[in-house]
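Notes to accompany the following structure.
Each residue takes its place number in the sequence, starting with 1. What you are looking at is a predicted structure, and each value in this text was computed from that prediction instead of being measured.
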Amino acid sequence: MPLDLKALVRTIPDYPKKGILFRDITTLIEHPEGFKESIERIASRYRGQGITHVAGIEARGFIFGAGVAIALGVGFIPIRKKGKLPGETIGQNYALEYGVDTIEIHADVLDRNDKVLLVDDLIATGGTAIAAVGLLRRTGAVVRDAAFVIDLPDLGGADKLKAEGVDVNALIEFAGH
Ligand code: AMP
């Protein structure tokens, strides 16, 4: 029987604040087969498609993105929070529930010959992923694919990302918020 990845994700109610059901992937990555299988299921979809880089969003996107990059035999690009990268950067602002945040990549890391797969642990409203796609595309790179371990489809992020011309895949869905 195939491994039930959804059963390995722990749900913690009211974290980080009341009303949120936090989908905790630490229980999935702590499970050796669960972690390996998550990486392999994502990577298997993108083999032979000319992906040149995997980009992962800080911090949980690094865990899965790095594994997928190794499995595909391509390099990994960290998309970091503002002020963390040592070289020249380009940045993208995006709205949070309260205020604004900024993500950055190194300015010289990609060009128009590159085809990037974006990876993160979870897509909710899609704000983070859309900012990441916009940032990656400013380098000239082609970004047509994004993979997530978890989608919360009722929050509409995957649909918004698809409207930006990105093919979205997720291993697990949770209904509701
Ligand atoms: P969003 O920009 O709304 O799509 O939020 C995506 C980011 O927030 C991801 O990097 C997730 O790690 C985190 N996130 C949002 N909602 C949840 C949730 N219910 N459980 C766990 N992480 C979440």
Check this for me: does any side-chain nitrogen of one of Lys36 and Glu40 sit under 4.0 Å from a carboxylate oxygen of the other?
no
Could you tell me the separation between the CG atom of Asp121 and the CD1 atom of Ile29, rounded to the nearest 0.5 Å?
9.5 Å
Distance col, row Glu173:CD vs Asp154:CG, nearest 0.5 angstrom, shows 9.0 Å
Side chains of Arg137 and Val166: closer than 4.5 Å at any heavy-atom pair?
yes
Does a side-chain heavy-atom distance below 4.5 Å link Asp145 with Leu118?
no
Fellow cluster residues of Leu21, listed by chain then number, with links counted only when side-chain atoms sit under 4.5 Å apart:
none
On a heavy-atom basis, the closest approach of Lys115 and Gln49 is NZ-O, 2.8 Å
With sequence neighbours excluded, residues passing ring-ring contact (aromatic ring centres under 6.0 Å, His included) with Tyr94:
none
Phe148 and Leu155: same hydrophobic cluster, using ILVMFWY side-chain contacts below 4.5 Å?
no
Does Val74 share a hydrophobic cluster with Val116, counting links as ILVMFWY side-chain heavy atoms below 4.5 Å and allowing steps through other members?
no
Mark yes or no for whether Glu58, through its side chain, and Lys81, through its backbone, hold a donor-acceptor pair below 3.5 Å.
yes
Can you name the salt bridge (Lys or Arg N to Asp or Glu O under 4.0 Å) partners of Arg10, sequence neighbours left out?
Asp24
